[in-house]
Protein chains: 2
Amino acid sequence: MCKLTPKPRKPRADQIRNRERLLEAARKVFRSDNGSLEAVARQAEVGIGTLYRHFPTREALFQAVYAREVAALEAQAQLGELAAWMKAALEMMATKGGMVAALEPVLDKDAPFFTEQSARMGAAVGRLRDQAVAAGELRPDVTAEDLMRVLLGLSYGPGADASRSGLLLEVFLDGLKPE
Amino acid sequence: MCKLTPKPRKPRADQIRNRERLLEAARKVFRSDNGSLEAVARQAEVGIGTLYRHFPTREALFQAVYAREVAALEAQAQLGELAAWMKAALEMMATKGGMVAALEPVLDKDAPFFTEQSARMGAAVGRLRDQAVAAGELRPDVTAEDLMRVLLGLSYGPGADASRSGLLLEVFLDGLKPE
DNA sequence: GAATATACGGAGGGAGCCTCCGTTTTGCAA
DNA sequence: TTGCAAAACGGAGGCTCCCTCCGTATATTC
């Protein structure tokens, strides 16, 4: 009388367990190792096939791992302080190297589909940015994507130096004022 | 009577020819393909072993390919205009994706040896930066490495968008003024 | 034209990516 | 409980890339 959908089965226990193991392993491996997916599977003591079934693409795994970080940044964005938010985001990226992975998809124009994570992230930043523009605190020709790009650029790639990126963000924020 | 060194032989013709082919092939492959070294060798119609003999590491190949670009930027730096130079560098990177590879080594603190290319590049930027500081046009707390970092960050990695990076550099340069 | 230093090519071993499918486990109904 | 089909598991296997090593080919030199 209740379930009109075919047959809702309880998810299997091993499925849940393995997913958890994989996420845990991925966090470790992404932070140190070269980030090979096979290494993640090994660390999780799970077959490589299992990894791919849970997370069909590398992206999917990244997204899942850093969903929590995204949520935190999203919450922080509620406060409505653009400059403060960018500093917090930078901080987060500095301490948690892999965090950048969560930002990437937002910027990838070619992404086959806008995932929920990146959509939420993008929306949060967009809101912040719009408020700042409305308040006359931000050059209107700078978009939310631009802001993400800079954050990513400052903390990503070879030569990224956490001890300097704070200063560089400062410089950038200075330049962001209109007029 | 002249050569005290053992036996100076003329370099073989095929050696020179192959080196040229490899550089040409590398330029093409780095710009489009995934940048696999095997692809470079194939494109050059040369054995993989030959590639490795000429360029023992990926870095070595990159460096050779972009040595000319570096020289151009170095020349441009002679003009002594920091802002103009950064714009030119950005432009170059936008049109020639692989150019970033030439900048990377400058930023890599862990590089086992400071190559000539990166040393020249670093020196050129350092000079520009010092002049700008002396002229009171640049915050003295920003180093030459910082400048490179930003250039790299704006044009490198996922989401890099040549059409936006010009504006972002503008913003950054605005923020660079002291006071 | 021969000798020999020099360069060439690619086989081969290691590793990662991803797919596919036979085997095992699990939830559910009888 | 027991049985069974759905769901999940694991890893072999086919592909590509990385890099080394060494037998073969060739340009220079005498």
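In what follows, every chain begins at residue 1, and chains take the letters A, B, ... in the order their sequences are listed.
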Between CD1 of B:I48 and CZ of B:R42, what distance do you get to the nearest 0.5 Å?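 The distance works out to 8.5 Å.
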Whole angstrom value for the distance that separates [atom2] of [N] from [atom1] of [X]:
X     : N      : atom1 : atom2 : result
B:F55 : C:dA7  : CZ    : P     : 13 Å
B:Q15 : C:dC8  : CD    : P     : 6 Å
B:L51 : D:dC21 : CG    : P     : 17 Å
A:L22 : D:dA8  : CG    : P     : 14 Å
B:H54 : C:dT6  : NE2   : C1'   : 11 Å
A:I16 : C:dT26 : CD1   : C1'   : 12 Å
A:R53 : D:dG11 : CZ    : C1'   : 11 Å
A:L37 : D:dG11 : CG    : C1'   : 16 Å

Taking C-beta and beyond as the side chain, do A:V150 and A:L147 meet within less than 4.5 Å on heavy atoms?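 No, their side chains stay 4.5 Å or more apart.
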Has A:R129 got a side-chain atom pairing as donor or acceptor with A:P140's backbone, closer than 3.5 angstrom?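 Such a contact is found between A:R129 side chain and A:P140 backbone.
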A:T50 side chain near D:dA8 phosphate (N/O to OP1/OP2, under 4.0 Å):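 Result: no.
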Should A:N18 be listed as having a side-chain N or O under 4.0 Å from OP1 or OP2 of D:dC9?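 It does, given that an N or O in the side chain of A:N18 lies less than 4.0 Å from OP1 or OP2 of D:dC9.
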Reading DNA chain D from 5' onward, which residue's closest nucleotide shows up sooner: B:R42 or B:R17?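 It is B:R42 whose nearest nucleotide is closer to the 5' end.
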Counting side-chain heavy atoms from C-beta on, which of [options] comes nearest to [X]?
X     : options                : value
A:E38 : D:dC19, C:dG16, C:dC28 : C:dG16
A:I48 : C:dC8, D:dT28, D:dG11  : D:dG11
B:R9  : D:dG11, C:dG9, C:dA5   : C:dA5
A:Y52 : C:dT19, D:dC9, D:dC18  : C:dT19

B:R19 or A:R58, whichever maps to the more 5' nucleotide of DNA chain C: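 In this pair, the answer is B:R19.
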Tell me whether A:R164 is salt-bridged to B:E145, with the criterion being a basic N under 4.0 Å from an acidic carboxylate O.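 Salt bridge: no.
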Going by an N to O cut-off under 4.0 Å, is there a salt bridge joining B:R139 and A:D174?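 Counted as a salt bridge, because a side-chain N and a carboxylate O are separated by less than 4.0 Å.
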Is there a donor N/O on one and an acceptor N/O on the other, under 3.5 Å, for the side chain of A:R12 and the base of D:dA7?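 Pair found.
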